[in-house]
Amino acid sequence: MPELPEVETTCRGIEPHLVNQRIDRVVVRDARLRWRVPKALATELPGQRIRAVARRAKYLLLTADTGTVILHLGMSGRLRVLDATEPPAKHDHIDIVLTNGRCLRLRDPRRFGAVLWTQGAPAEHKLLANLGPEPLEAGFSGEYLHRITRGRKRAVRDVLLDSSVVAGVGNIYANEALFGAGIRPTRAAGSLSAAECERLVRAVRATLKRAIRAGGTTFRDYRRSDGQPGYFQLSLKVYGRDGERCRTCRAPIRLQRLGQRSTFYCRRCQR
DNA sequence: CTTTTGACCTGACAGC
DNA sequence: TGCTGTCAGGTCAAAA
């Protein structure tokens, strides 16, 4: 469900409600997420203050006094800040209850999400240690993409989804960025010229920025932390539009299976 | 080393 | 209405 723009939107939405607040208790109704939710969460956090809320790739990092909560929304996760007295619904697995009576509540029907606790530097945590550069930061450049794709036969779409290459790009935005750059998702990554890599990097950046500005994409059931939908789905050029006409050239958008997942492209605009 | 595949889950939706 | 099959925004671990 949530890709980088959705996680960023969530991060910005919850941050003002959490920073400098003190944690009263942590309620774990179901610990069976992707990895079992550690008991340390409920024993360590009460009494601590949340110092910062940040995002790295699709992970949210809640910095407390003695450690950091690492939170991933998986495919179906959603975070909201509401009154702690609000009765939990089905799939509302975890509450971080604040002393001001509010709480951060995680709902995750598919339980592909994760909530972990680390006392060390988050960047050195096993899950974060091998992440590539943030797509909106300088480390993700055309020169970088060109260099690391030399000799690679993988489809360029799959390279964009590889979090060790670039962090936080999912299937929707990979497809949208490839349309923006005029490159077919199925192209071998190693076949891209330096100019194409530069175009692709610019397209990834532009697509993500516009999606963040629109509050993310509500394709199925994503919601912002305040319950509002995102609006970027109105701007999608190819994703989910198979059979419909290309907004640029009117040719029908193609759906193709690439690996296990769908990819969408315009045969005329993307080469 | 690179690349592909299977696995983890529930819910929404299409088609019968 | 209800059954069955398919698909889904992620990503790790194991296999090829």
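Computed over heavy atoms, backbone and side chain alike; hydrogens, waters and symmetry mates excluded. Lettering of chains follows the sequences in order, A, B, ..., and the numbering in each one begins at 1.
Between A:S262 and C:dC7 there is no side-chain polar atom (N or O) within less than 4.0 angstrom of OP1 or OP2.
Nearest to the side-chain atoms of A:H72 among the listed nucleotides B:dG11, C:dA8, C:dG10 stands C:dG10.
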Using a 3.5 Å cut-off and no angle test, enumerate the donor-acceptor pairs between side-chain atoms of residues 59-75 of chain A and protein atoms at least two apart in sequence or in another chain.
from: A:D65; atom 1: OD1; to: A:R51; atom 2: NE; distance (Å): 2.7
from: A:D65; atom 1: OD1; to: A:R51; atom 2: NH2; distance (Å): 3.0
from: A:D65; atom 1: OD2; to: A:R49; atom 2: N; distance (Å): 2.9
from: A:T66; atom 1: OG1; to: A:Q48; atom 2: NE2; distance (Å): 2.8
from: A:H72; atom 1: ND1; to: A:G74; atom 2: N; distance (Å): 2.8

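Partners of A:K209 under the side-chain contact (heavy atoms from CB on, under 4.5 Å) rule, at least two apart in sequence or in another chain, are A:L136, A:R213. A:S141 meets the side-chain contact (heavy atoms from CB on, under 4.5 Å) test with A:E143, A:Y144; sequence neighbours excluded.
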For nucleotides 3-6 of chain B, tabulate all protein N/O to nucleotide N/O atom pairs closer than 3.5 Å, reporting atom names and distance.
from: B:dT3; atom 1: OP1; to: A:K153; atom 2: N; distance (Å): 2.8
from: B:dT3; atom 1: OP1; to: A:R154; atom 2: N; distance (Å): 3.2
from: B:dT3; atom 1: OP2; to: A:R152; atom 2: NH1; distance (Å): 2.5

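Clustering of Ile, Leu, Val, Met, Phe, Trp and Tyr by side-chain heavy atoms under 4.5 Å joins A:Y231 with A:L234.
Taking atom CG on A:D162 and atom P on C:dG10, their separation rounds to 13 Å, with Å as the unit. Computed from coordinates, the A:R261 CZ to C:dA8 C1' distance equals 9 Å when rounded to whole Å. Rounded to a whole Å, the CD1 atom of A:I70 is 19 Å from the P atom of C:dG10. For the pair A:Q233 CD and C:dA8 P, the interatomic distance rounds to 18 Å; values are reported in whole Å. Atoms CG (A:D30) and C1' (B:dT10) sit 12 Å apart, rounded to a whole Å. Protein atom CG of A:D108 is 9 Å distant from nucleotide atom C1' of B:dT10, rounded to whole Å. A:L73 has its CG atom 11 Å from the P atom of C:dG10, to the nearest Å. Atom CZ of A:R257 is separated from atom C1' of C:dA8 by 10 Å (rounded to the nearest Å).
Only A:R110, A:R111, A:F112, listed by number, bring a heavy atom of residues 110-136 of chain A to less than 4.0 angstrom from any atom of DNA chain B.
Annotation: ring pair (Phe, Tyr, Trp, His ring centres under 6.0 Å) contacts involving residues 154-184 of chain A, sequence neighbours excluded, comprise A:Y173-A:F232. Among residues at least two apart or in separate chains, side-chain hydrogen bond (donor to acceptor under 3.5 Å, both in side chains) pairs with a member in residues 251-262 of chain A are A:Q256-A:Y265. For residues 116-130 of chain A, the set of pairs meeting the side-chain hydrogen bond (donor to acceptor under 3.5 Å, both in side chains) definition, not counting sequence neighbours, is empty. Listed by first and then second residue, the side-chain hydrogen bond (donor to acceptor under 3.5 Å, both in side chains) pairs that reach into residues 35-45 of chain A come to none, sequence neighbours excluded. Residues in residues 85-96 of chain A take part in these side-chain hydrogen bond (donor to acceptor under 3.5 Å, both in side chains) pairs, two or more places apart or across chains: A:R29-A:D95, A:D92-A:R107, A:D95-A:R105.
Going from the P atom of C:dC7 to that of B:dT5 covers 16 Å, rounded to whole Å.
At a threshold of 4.0 angstrom between heavy atoms, the contacts of A:Y239 are confined to the sugar-phosphate backbone, with no base atom among them. Contacts of A:Y59 with the nucleic acid, taken as non-hydrogen atoms under 4.0 Å apart, involve only primed sugar atoms and P, OP1 or OP2.
Looking at DNA chain B, the stems built from 3 or more consecutive Watson-Crick or G-U wobble pairs, each pair with its key distances under 3.5 Å, are B:2-8 with C:10-16, B:10-16 with C:2-8.
Positionally, the nearest nucleotide of DNA chain B for A:R34 lies more toward the 5' end than for the other of A:K90 and A:R34.
Within a 6.0 Å sphere centred on CZ of A:R150, other residues, nucleotides and ligands contribute more than 12 heavy atoms.
Formation of a donor-acceptor pair under 3.5 Å by the A:R187 side chain with backbone atoms of A:R271 is found in this model.
For the pair A:E176 and A:V238, the minimum side-chain heavy-atom distance is below 4.5 Å.
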